[in-house]
Every structure is written in C-alpha cells, then in structure tokens.
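Below is one structure, written out as structure tokens; the observations come after it.
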Amino acid sequence: MSEQTNNNESEYDVFAIQDRWLPVWDELKPFNSGIEGDPRPKKYVLDMFPYPSGDLHMGHAEAYALGDVISRYWTQKGFNVMHPIGWDSFGLPAENAAIKRGLDPKGWTYDNIAQQKSSMRRYACSFDWDRVLATSDPIYYRWNQWIFLEFYNKGLAYRKNSNVNWCPSCQTVLANEQVVQGLCERCDSVVTKKALTQWYFKVTEYADRLLDDLDTLEGNWPSKVLSMQRNWIGRSTGAEVSFEVEGRSEPITVYTTRPDTLFGATFMVVAADSDLAAELASMSTPEVGVAFQAYLEEVKKSNDIERLATDRKKTGIQLDAHAINPMNGERLPIWVSDYVLADYGTGAIMAVPAHDDRDYEFAKQFELPIRQVVDTGEGDPSVIGFATVGPGTLVNSGELNGLDKAAAIAKAIELLAAKGRGKAAKNFRLRDWLISRQRYWGTPFPIIHCEACGEVPVPQNELPVELPSAEGLDLKPKGTSPLGGASDWVNVKCPNCGIDAKRDTDTMDTFVDSSWYFLRFLSPNSTEHAFPKDAAKEWAPVDQYVGGVTHAILHLLYARFFTKALHDLCYIDFEEPFTRLLNQGMVQMNGSAMSKSRGNLVALSEQLDQHGVDAIRLTMSFAGPPEDDIDWADVSPAGSAKFLARAWRAANDVSSPVGVDVSSGNAELRKATHSFLRDFAPAIEGFKFNVGVAKVMELVNALRKAIDGAAGPSDSAVREAAEVVAKALSLFAPYTAEDMWAKLGHQPGVALAGLQSADESLLVETAIVAVVQVDGKLRDKFDVSVEISEDQLRELAFSSENVKRAIGDKEVANVIIRAPKLVNIATK
RNA sequence: GCCGAAGUGGCGAAAUGGCAGACGCGGAGCACUCAAAAUGCUUUUCCGAAAGGAGUGCGGGUUCAAGUCCCGCCUUCGGCACCA
C-alpha cells in the first residue's frame with residue numbers, strides 16, 4: 001500500500017539480512033587465525049566443543065553466543081584471536097543410537113557433525129573454520145594413542161586388577177568421577193562392583209600439584225569450580241601408624257588424621273573387601289572364617305546407595321586376631337566392617353570411639369569400650385552419649401597429657417617416628433583415573449598382549465591402531481568389548497617376538513580425547529606431531545575458556561592432569577591449560593531443565609525461524625549475568641528483535657558522508673558516545689554482557705533522540721554514534737551489525753572495524769548534580785559547577801526550603817561535605 | 001553433617017560505602033491511523049488524593065551515610081559426605 005512497506009531498503013528484515021551476509025563472510029573469513037606474519041597480538045578463546053548428539057539446542061545457543069561475545073570483543077580490540085571448534089565425537093550415545101536404529105556409529109556421528117556445523121555457520125559463530133577437528137578421526141585419535149604410550153613409558157599409564165565401578169546397563173566400567181550418588185552418570189542405573197583388570201592413568205601422582213596450583217587460578221576461575229576441584233581432590237593430613245599383629249610377621253599400617261587420640265584406640269577395623277581382611281580371616285578359626293565369608297557375601301551384595309544410607313546400623317564381625325597399640329602396648333581386637341573403605345588410606349583403621357562418630361556407633365553396636373582421651377569440655381563420651389570430635393586438651397594419654405590437639409598430633413608423630421612405628425602422612429580422596437571402556441566407539445589401546453612378552457606397545461610407525469569397521473560386529477553391550485569379535489583385527493603377531501598375540505580390545509574413556517584437544521587445534525591436520533611445540537608457546541595456554549559448569553570436575557581435572565604430565569614430558573612450558581574460565585548457566589523453561597519427557601523443550605531452530613539469529617543471540621547475552629540460568633519463559637526474544645530494528649533504523653537514517661569530521665558534531669551525543677566507549681569495555685571484560693547490552697541500548701536511545709531532535713540525521717555526531725553502535729552490536733548481533741555497517745557506507749567486515757577507546761577530553765564534567773541529605777535521606781538536589789567550594793555547597797544546602805523543613809527544630813550535630821557531589825546533614 | 005554461593009519492583013535485572021531499581025519485559029496513557037499493526041513519545045517500587053511515609057530475606061551492629069562492611073538467624077540452590 002504505502003511506499004514504506006514495499007521498500008525493502010528501509011525496512012528491517014532480519015531474514016533477508018542473514019541471507020545477504022552469510023555468503024560474504026564465507027568469502028571474507030574474518031576469523032581466520034592462521035595467517036603467516038599477522039602482526040596482531042595473539043589471544044586464544046575456546047568454547048567447550050560439543051558432542052554431536054543431534055542438532056544444536058538452546059544450551060549450545062547460549063554457550064556459543066557468550067563465547068562469541070568474548071571472542072569478537074578481542075577481535076574488535078585488535079587481537080589475532082584463535083577461536084576454533086571441533087567435535088567430541090567418540091562416545092556411548094553414538095553407539096547406543098546405532099544399536100537402536102541399526103546404523104553405523106560412524107555414519108550417525110558424521111551426519112550429526114555436518115548438521116551442527118551448518119547450524120553453527122547460520123548462527124554466525126566466529127569460529128576459525130580452517131581448524132576444525134573431530135576426535136573420532138584417526139588423524140586425531142592416533143595422537144591419543146601416542147600420548148597414551150608417552151604416559152605408559154613414563155609409568156603414568158598402568159594396568160591393575162581391582163574392584164571397579166560397573167554399570168550393568170551400559171555394560172561397561174566407569175571412572176569414579178562418573179558415578180554420581182551411586183548411580184551411573186549416563187543412565188542412572190545403580191552402579192555395582194566388579195573385579196577386572198583395567199587401564200589407569202596415575203592422576204594421584206599429581207594430586208598435590210592439581211590441588212596447590214588451583215591457587216594460581218584464584219580470581220580467574222569461578223570460585224565455585226575451584227572449591228569443587230578442591231573438594232574432589234580432598235587432601236587430608238595426618239599420620240600412618242603401624243601396629244604389630246600377634247602371629248603375623250607383617251604389621252598393619254593404618255592412616256589417621258588424629259594420631260593424638262592413639263591412647264583412645266580400643267579396637268581396629270579392617271575393610272571387609274580388602275585382601276588384608278581375607279588374609280586375617282584365613283588365619284582365624286574355621287568358625288570365624290565361615291562367618292567372615294558370609295559377611296563378605298552380604299557386603300558384596302549391597303550397593304553404594306544402601307551402603308551410604310545415613311541411618312544404617314553398623315555391621316561387622318570380630319576376627320580372632322589382635323594388634324598391639326605402639327603407644328601403650330595394649331592388645332586391640334581386630335574387627336572387619338564395611339564402614340571402612342578398602343581403597344582409601346590403607347584399608348584399615350584404628351578405632352577411637354570416644355572421638356569419632358563412626359567408631360562410636362560401631363562401639364555402641366558391639367559393646368566395645370569407649371575411652372576418653374581428649375577433654376573438649378563437653379564431658380566424657382562414654383557418659384554423655386556421643387563422640388566429641390572437636391579440639392581439646394589431652395587426658396589419659398601418657399606423655400601427651402595436657403597438650404592441645406595440634407601439639408599432641410605433632411608430639412605423637414614424633415614419638416611414633418622415634419619408635420619406628422609411624423610418620424606424618426597425607427591422603428587424597430582422588431583415585432587414579434580408570435580409562436578402559438568395554439565399548440566400540442572409542443580410541444583403541446595401542447597395546448598388544450603377548451603370552452611371552454606381556455604388554456607390548458604398538459610401534460610408533462604402526463599408529464594409528466584404527467578401529468575395525470563396525471560392520472559384522474555385535475555392538476550390543478555384553479560385558480566385554482565388541483572389538484573382541486573382530487578376529488582379523490584382534491589377532492596379530494607380537495611386535496617383539498613375532499608369536500601369535502592379541503590386541504587390547506578395550507577402548508579409551510572419551511575424556512581422554514577432550515583432555516588435550518585445545519592443543520590439537522594448533523595443528524589439527526598434522527601427521528607429524530600431536531601439536532607443534534613452537535605454536536604451543538605462541539598460542540597456549542588458552543586465554544579464555546567458556547563452557548558449562550557440568551564439566552567443573554571431570555573434564556577440567558583431567559585436562560589439568562594432561563597439561564602437567566605433558567609439561568613434565570617437556571612438550572609444553574606451562575602447567576595450567578585454561579588461564580581464565582567462564583561458566584555459563586543453563587537454559588531452562590518454566591523453572592526446570594528442558595527435556596522431552598517434561599514436555600518443555602524449546603527447539604532452537606524454531607526460535608531462529610521465528611525471531612532470527614541475532615535476536616536469539618542478543619537475548620542470551622542480555623538475559624542476565626552469564627553464569628546464571630536463563631528461564632526462556634522470562635525473557636523476550638521479540639523485545640530483542642525490536643531493539644535491533646530500532647538500532648538498524650537509526651543507522652539507516654544517517655545522512656552525513658563516510659569519514660565526515662566529527663569534531664563539530666552535537667556535543668551531547670558525542671559525550672554519550674564516548675561515555676559508552678568508556679563503560680562498555682570493562683563491562684565485557686568483566687563478563688557483564690547484560691550490562692554491556694544495556695549500555696548499547698542507552699546509546700541507541702540517545703542516537704534516536706538526536707536524530708529526531710535538534711541535531712538531526714546529518715549531524716556528524718550521529719554518524720559517529722551509529723558507527724560505534726554497529727561495532728558494539730557486532731559482538732551480539734553480527735548480521736544486523738554488518739548490515740548497519742553497509743548502510744553507513746562501509747565495506748563488509750564490521751567485526752574487524754576496531755572499537756576505539758573513549759576520547760577522555762569529551763568526558764570532562766563541568767556541571768554536576770549535588771545531592772543534599774538530612775540524616776542520610778535525600779532532601780534536595782542542585783545543579784552545580786564541579787568546582788564549587790565546600791562553603792558554597794554548604795550555603796546552598798542550608799538555603800533549601802526542603803532541607804530547612806527536614807531539619808525542623810532539631811539541632812544540627814554534624815555536616816559532611818563531599819564537594820561537589822554531596823552534603824549530608826546529621827541532626828541530634 | 002562439612003564446604004560454598006545467592007536472596008532487590010508484577011518479571012529478567014542494575015548499582016567503586018554516597019540519589020535504590022540503570023537497561024529491558026509486561027502494564028497504562030498519548031500521537032500518527034477511518035481503524036489496526038508497526039513506530040515515536042510519556043508513565044510505571046509500594047502505601048497515600050496530596051503533603052508525605054515505607055522500602056533491597058529477618059534481627060542486631062559499625063558509619064555522617066549500608067543492597068554493599070561486621071555478627072547472629074531464616075530460606076533457596078550447588079558441591080562433598082561412613083574418606084578414618
């Protein structure tokens with residue numbers, strides 16, 4: 001009808017804009033970071049790479065929108081930013097989907113990668129598309145195998161038999177870290193125990209450094225993640241004490257954090273499922289041996305959920321064995337119970353029921369003596385009915401009497417050391433990382449088992465050990481690896497002696513893949529090395545890592561371990577992989593996580609079709625602090641679209657020529673533009689993206705007002721403001737920003753235009769609003785010169801009718817003057 | 001149980017110890033329009049007609065001045081949890 005609606009040039013059409021610029025960017029490659037001789041300083045910004053489980057979802061949309069703000073910000077600031085992406089493409093879901101639908105895990109995986117890649121391009125992620133990788137490519141996992149062998153040769157990878165966590169549904173072992181509250185992290189099945197020989201990485205060798213180096217990340221990582229890591233590593237300090245056992249040549253060593261309470265030990269407890277328990281039981285009478293076996297059966301049947309139930313009664317049986325307390329020579333009966341863990345400390349404890357809750361319960365259950373050795377002021381535990389675990393003064397403890405807890409611990413260790421019966425020791429909650437998986441879709445171990453030679457590493461020139469084709473293999477979980485069925489693949493000659501041998505048929509935990517991928521981005525296609533040492537020096541560690549808090553423990557801990565191990569192998573010269581970390585929150589719907597079963601799933605593709613890419617990205621940035629969860633029901637992508645159209649129209653209204661001299665432009669608007677430039681950078685660098693967006697909105701409001709008001713569309717300050725808006729918006733809404741940039745008469749590439757710093761000379765204030773408070777309450781305001789003196793300000797304040805009324809007949813006690821901003825009059 | 005974080009309008013949220021609620025959503029009104037949509041403008045913490053008063057989870061404290069600092073609670077969320 002009207003000219004307006006038919007003229008595409010003056011209407012904001014986000015979908016036409018998307019179609020216009022995507023091919024231009026493909027040509028321009030504004031985010032290519034591999035150009036030889038690029039003089040810009042380097043910065044490495046990394047988003048956690050996705051698992052290709054299907055198309056991108058709302059969670060990805062948030063993560064990549066926020067990562068892009070940071071990456072694009074540093075590009076605008078003149079840095080050569082490396083912002084790569086890849087796929088964490090090995091793993092169970094591919095295999096499960098393949099089994100369910102009768103597909104090849106490979107086909108399923110690479111189809112999803114293609115789809116995600118296409119969605120990322122449409123979403124205008126500022127990735128360097130020349131650096132993509134997928135961990136399921138042989139060219140990638142070949143280097144998993146290489147690193148494994150490096151670790152193996154260093155003694156950091158080893159095989160052992162032990163009771164491992166077993167998921168009966170996934171039919172595979174799980175790392176300690178993958179067991180959540182006794183359940184499989186993937187499928188929520190109750191995890192059981194199984195004795196198996198498995199590969200481990202010796203993470204515990206790095207426990208101290210993994211813990212201590214967290215201090216160097218303080219302030220740059222979320223404190224929540226630091227505390228989760230500290231909790232997980234769980235260092236405790238105390239002593240190891242060895243007790244002689246009657247009728248056994250070897251003593252029993254226990255770990256305790258309270259060597260000061262040694263005189264209060266009245267019995268010992270050995271973990272029921274430990275080798276030691278079995279050995280001691282075999283030394284006991286046949287009756288006790290039978291009772292022990294029966295008890296052990298009971299213990300094995302119970303799972304972690306039952307075992308951890310808080311109101312559960314203590315159980316156990318007494319062996320006919322006795323230990324001798326090295327402090328006072330007392331005979332202590334030895335018990336077996338499941339409240340002592342076989343794989344923590346030494347698997348045996350000295351029980352001090354007076355000063356430990358668990359020992360107290362056990363003593364009560366079996367009517368064992370309770371002897372107080374620390375006076376905490378609460379009374380004698382045998383009388384008051386509970387253990388006193390706090391600090392206090394030692395009693396009934398020979399040479400330790402009268403000492404406080406800390407002094408007694410030191411003294412006890414000294415006494416034990418003198419007798420050769422103990423020493424200071426520490427222990428960790430952290431266990432070695434179990435990396436074997438009995439599944440198909442993962443990295444094969446580069447190891448051949450030979451009856452004559454044992455474990456034989458596959459020679460370097462035979463790497464990679466490629467996965468055999470899934471065709472003809474039974475991928476269904478059955479407790480052993482599907483690779484065992486690929487007989488042509490499994491049966492090989494020993495590289496060492498040449499006789500018939502077999503490949504290791506397990507595959508590596510996929511967390512191995514993601515523990516070093518940030519280094520692989522430096523040379524994703526190299527067949528020469530895992531990563532180049534010189535480029536690692538230039539680019540790594542990652543300056544800014546962005547991802548979900550779900551990886552706060554597992555992935556980050558493993559990547560930190562790899563970094564330290566690779567450092568010690570002299571491949572890199574740093575010890576922490578990620579200098580700064582930002583954890584974005586989750587996208588929810590109506591108060592809970594989105595899921596199909598809840599019926600509250602919001603499809604990203606539908607949101608993009610409805611509101612456009614820019615509006616969704618802007619909404620993600622503007623919703624609130626990035627680490628907070630976003631409830632999609634509470635935010636307004638339509639509002640974001642409205643704002644973008646408003647900004648675009650303002651750029652469209654600019655009528656001055658490109659390169660116009662701005663110095664004589666509208667002063668008020670220039671000031672607004674430069675206050676924006678002053679405030680925007682710290683907001684983005686401090687991850688306050690929502691505040692950054694608010695600042696852009698303020699500038700757009702000021703721009704609109706100037707165009708419609710006295711300045712008019714031809715004022716040079718209007719152009720200056722519109723260009724700054726376009727550049728700032730390129731962080732959040734790249735399509736709209738690029739189109740504004742074109743409307744303003746520039747060549748494509750607003751992302752590289754460079755966001756200037758504020759001109760401080762425009763920000764000098766001459767007038768200011770002074771506020772007058774009476775007893776801390778605002779009573780009046782004045783426009784004053786910034787040079788106003790205290791006396792003038794005081795006079796002004798007391799001449800105000802509002803102030804006079806507020807003071808009334810009260811006596812003025814004190815007047816605080818902070819010229820030129822504030823006067824506070826305190827009355828009596 | 002231990003450790004940690006957070007509580008601000010109808011909603012998402014701002015606020016180096018110095019004007020609480022920037023910016024936005026939603027609401028109300030006005031302009032443009034035959035009308036609507038779109039757009040632009042005004043208004044919007046609560047109580048009160050107004051003057052004014054109250055107000056950042058609760059109770060204390062420090063300070064001329066506290067959302068902000070200190071002490072004690074409450075609630076919510078997260079992590080760890082039979083780890084000796």
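Just so we're clear, the structure is a prediction, and the values are computed from it rather than from any experiment. In what follows, chains are A, B, ... by sequence order, proteins preceding strands, each numbered from 1.
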In B/S/- notation (B base, S sugar-phosphate only, - none; protein heavy atoms under 4.0 Å), nucleotides 13-19 of chain B written 5' to 3' is SSS--BB
In B/S/- notation, 5' to 3', how is nucleotides 44-59 of chain B contacted by protein heavy atoms closer than 4.0 Å?
-> --------SSS-----
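Side-chain contact between A:Y255 and A:V241 is absent, with no heavy atoms from C-beta onward closer than 4.5 Å. Proximity of A:V270 to A:W335: side-chain heavy atoms (C-beta onward) are nowhere separated by under 4.5 Å.
The side chain of A:R235 contributes no N or O atom lying less than 4.0 Å from OP1 or OP2 of B:C80. The side chain of A:S227 places no N or O atom within less than 4.0 Å of a non-bridging phosphate oxygen (OP1 or OP2) of B:C80. Between B:A84 and A:Y344, a contact under 4.0 Å exists linking OP1 or OP2 to a side-chain N or O. Contact annotation: A:N814 side-chain N/O to B:U63 OP1/OP2 distance is not under 4.0 Å.
Rounded to a whole Å, the CD1 atom of A:I233 is 14 Å from the P atom of B:A81. Atom-to-atom, NZ of A:K705 to P of B:C23 comes out at 11 Å; the value is rounded to the nearest Å. Distance CD (A:Q588) to P (B:C77): 12 Å, rounded to an integer number of Å. One can place CZ of A:R646 at 11 Å from P of B:C23, the figure rounded to the nearest angstrom. For the pair A:L618 CG and B:G12 P, the interatomic distance rounds to 19 Å; values are reported in whole Å. Distance, A:R649 CZ to B:A38 P: 12 Å, rounded to whole Å. Atom CG of A:N231 is separated from atom C1' of B:C80 by 5 Å (rounded to the nearest Å). Atom-to-atom, CD of A:Q229 to C1' of B:G4 comes out at 15 Å; the value is rounded to the nearest Å.
In a base pair of the Watson-Crick type (N1 to N3 plus N6-O4 or O6-N4) or a G-U wobble (N1-O2 and O6-N3), with each distance short of 3.5 Å, B:C2 is matched with B:G79. Searching all strands for a Watson-Crick or G-U wobble partner of B:U16 with both distances below 3.5 Å returns nothing. If you check B:U33 for Watson-Crick or wobble pairing at under 3.5 angstrom, you find it has no partner at all. Across the strands present, B:A28 finds its partner in B:U42; the criterion is a Watson-Crick or G-U wobble pair with both atom distances under 3.5 angstrom. Using Watson-Crick or G-U wobble geometry with both donor-acceptor distances under 3.5 Å, B:C69 finds its partner in B:G61. Here B:G52 sits opposite B:C47 as a Watson-Crick or G-U wobble pair (both hydrogen-bonding atom distances under 3.5 Å). If you check B:G7 for Watson-Crick or wobble pairing at under 3.5 angstrom, you find it paired to B:C74.
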Run the numbers on A:R258 and A:D359 for salt bridge (charged side-chain N to carboxylate O under 4.0 Å, His left out), then give the verdict.
-> CA-CA 13 Å; A:R258 296 293 303 274; A:D359 297 346; over 6 Å; no
Trace of the salt bridge (charged side-chain N to carboxylate O under 4.0 Å, His left out) decision for A:R230 with A:E218 | CA-CA 12 Å; A:R230 289 188 178 110; A:E218 203 77 55; 3.0 Å; yes
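Donor-acceptor pairing under 3.5 Å is recorded for the side chains of A:T388 and A:H355. In the model, A:T346 has no side-chain atom that pairs as donor or acceptor with a side-chain atom of A:T253 under 3.5 Å. If you check the side chains of A:N652 and A:R649, you find no donor sitting under 3.5 Å from an acceptor. For the residue pair A:S242 / A:R421, a side-chain donor-acceptor distance below 3.5 Å is found, with atom types taken as modelled. No side-chain donor-acceptor contact under 3.5 Å links A:R818 and A:N824. No hydrogens or angles considered: nothing links the side chains of A:Q229 and A:W221 as a donor-acceptor pair under 3.5 Å. A:T204 and A:D432 share a donor-acceptor pair across their side chains, judged by distance under 3.5 Å alone.
When the P atom is used for both B:G24 and B:A50, the distance is 27 Å, rounded to whole Å. A gap of 32 Å separates the P atoms of B:G40 and B:A51, to the nearest Å. Between B:A14 and B:C47, the two C1' atoms lie 25 Å apart (nearest whole Å). Comparing B:C69 with B:U62, their C1' atoms sit 8 Å apart, to the nearest whole Å. A gap of 12 Å separates the P atoms of B:C25 and B:C41, to the nearest Å. Between B:G7 and B:G55, the two C1' atoms lie 16 Å apart (nearest whole Å). With C1' as the reference atom, B:U63 and B:G18 are 12 Å apart, rounded to whole Å. With C1' as the reference atom, B:A13 and B:A6 are 14 Å apart, rounded to whole Å.
Counting non-hydrogen atoms under 4.0 angstrom, A:A694 reaches a base of the nucleic acid. Within 4.0 Å (heavy atoms only), A:S236 reaches sugar-phosphate atoms of the nucleic acid but no base atom. Backbone-only contact: A:N701 has heavy atoms under 4.0 Å from sugar-phosphate atoms and none from a base.
Checking A:M228 against A:F428, the closest nucleotide of RNA chain B that is more toward the 5' end is the one next to A:M228. Closest-nucleotide positions on RNA chain B for A:G776 and A:F643 were compared, and the one nearer the 5' end corresponds to A:F643.
With respect to the salt-bridge test (charged N to carboxylate O, under 4.0 angstrom), the residues A:K671 and A:E765 qualify.
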Just the atom pairs and distances: protein N or O near nucleotides 25-29 of chain B's N or O, under 3.5 Å.
none

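Both cation-pi conditions hold for A:K314 and A:Y339: the charged atom is under 6.0 angstrom from the six-membered ring centre and inside a 45 degree cone around its axis.
Considering every non-hydrogen atom in both A:T237 and A:T257, the closest pair reads O-CG2, 3.6 Å.
Out of B:A84, B:C80, B:G24, the shortest distance to the side chain of A:T256 is found at B:A84.
Glycosidic conformation, B:G9: syn, with the torsion inside 90° of 0.
Put simply, the side chain of A:K314 and the base of B:C82 share a donor and an acceptor less than 3.5 Å apart.
Side-chain N or O atoms of A:Q773 include none that pairs as donor or acceptor with a backbone N or O of A:D775 at under 3.5 Å.
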